[in-house]
Peer 1: 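Below is a structure I'd like to ask you about.
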Amino acid sequence: MLAKSNVFQFTEETLQALRADAPASASVIHFNNAGCGLLPRPVLETMIDHLRLEAEIGGYEASAARAEQVRDFYVSIAELIGCRPENIAFAGSATHAYSKALSAIPFEPGDVILTTRNDFISNQIAFLALRKRSGVEIVHAPDLPDGGGVDVAAMAALMRARRPRLVAATHVPTNSGLVQPIAEIGRHCRELGLLYLVDACQSIGQYPIDVEEIGCDLLTSTCRKFLRGPRGSGFLYVSDRVLAEGYEPLFIDMYGARWVAGDQYEPVDSAARFEEWEFPYSTLLGCAAAARYALSIGLEPISRRTPALAARLRDQLAAIPGVRVLDRGAQLAALVTFDVEGWDPQRFKSAVDARGVNSALSFREFAQYDFADKDVEWALRLSPHYYNTEAEVDTVVEMIADLAKSAPV
Ligand SMILES: Cc1ncc(COP(=O)(O)O)c(C=O)c1O
């Protein structure tokens, strides 16, 4: 089968060096970067080194000794998204960061949360939980007629008509390759002075992200996916405007606030008010190393190679009889989703696993609106990254073609 798409090439030497930094790439085809990227060797070494130091000199003493590297978590993530280090809070996951952000908004009954039909499952559940507890109204902006993501003009009209307390958009959802126009949405939010929260969990490490250009007030991500940081990590960006307006999380601790008198506390000035006193320091240092690693390769080249590898995969899969590629949209990220006629999802994934390819399954309940619109019950997700090769893409295509031919009845 001939690939239609032109994949941006790293030199062979660069590619081999990148693969040598990801030892698993020698034994598996890791197409589950949207789940969790492979840790680059410097990230792993940084983390192990810190754990060793904790064991050797004591946990508190180790973090004090590494104060400069700890600070680099904030500096490197700020560099990655175009803000000051003081705008960044560490979080245990993207969902942790998102809940902290939502908890800072004093919702009242009748307040509107305006979001999209492709926002992440846990965000949608959090909005429903807020509706149950605080009586907010959840409004979903309609999608474009071709299913290629949110209709920004319709969303802007809803902003004007409903004056939402919060506008929330997911850049790249978990369940398809769709890229939503978050900067266009942001321009309307800025014009109308609306609070804007972006979920950039699948785009950090895959695309250059600039919070000024997006115009968001809050942005959340994990570090473990395309950024290739450790599990159990993420961050929250909090804009200067939000900090100045005094937003603070519902539960704030001795790190996020000063207890200035028996009956009084004052939140700290920076985004640290969204953090807690205790940190998994080896994880935090691993995140800094991952951000430095991505920055050293360059987000621009990554954003050309990674989605292009996925496009090569998507184009070839679409030509296989029985395979239905499900990604829609003008711009598509490195998440390739499809289902295969005649296969049960778990058995299909097991067959893919057995052939040495890492993948992920999505089900209807992960994407109630999107999967209902597409009339699908399940999808296999393949998500390559820059360190994967064109040859791996072609091997996977052949393997899926074989499986599609031999669907059990
Ligand atoms: C778009 C999106 N947002 C949020 C999350 C949640 O991230 P975490 O598991 O770090 O909470 C995911 C995870 O897959 C995601 O894909």
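All figures in this text were calculated on a predicted structure; none of them were measured in a lab. Atoms within each ligand, like the ligands themselves, are counted from 1 in listed order.
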Peer 1: In a table with atom names and distances, give each donor-acceptor pair under 3.5 Å that connects a side chain of residues 77-86 to protein atoms at least two apart or in another chain.
Peer 2:
residue : atom : partner : partner atom : Å
E79     : OE1  : R292    : NH1          : 3.1
R84     : NH1  : E86     : OE1          : 3.4
R84     : NH2  : D240    : OD1          : 2.7

Peer 1: Knowing that exactly one of T220, N118, D119, T115 qualifies, which makes a side chain to side chain donor-acceptor pair (under 3.5 Å) with T170?
Peer 2: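 By the side chain to side chain donor-acceptor pair (under 3.5 Å) criterion, T170 pairs with just one of T220, N118, D119, T115: D119.
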
Peer 1: Is a donor on one side and an acceptor on the other found under 3.5 Å between the side chain of T337 and the backbone of R381?
Peer 2: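 Not a single qualifying donor-acceptor pair exists.
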
Peer 1: When you measure from the side chain of R160 to the backbone N and O of L192, does any donor-acceptor pair fall under 3.5 Å?
Peer 2: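 Not confirmed, R160 side chain does not pair with L192 backbone.
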
Peer 1: Identify, chain by chain and in numerical order, each protein residue with a heavy atom under 4.0 Å from an atom of ligand 1.
Peer 2: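 Those residues closer than 4.0 Å to ligand 1 by some heavy atom are S93, A94, T95, F120, T170, V172, T174, D199, C201, Q202, T222, R224, K225.
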
Peer 1: Can you tell me how far the OH atom of Y98 sits from the CZ atom of F120, to the nearest 0.5 Å?
Peer 2: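 Between atom OH of Y98 and atom CZ of F120 there are 10.5 Å.
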
Peer 1: Suppose we call two aromatic rings close when their centres sit under 6.0 Å apart. Are Y255 and F279 close by that rule?
Peer 2: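 Yes, close enough.
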
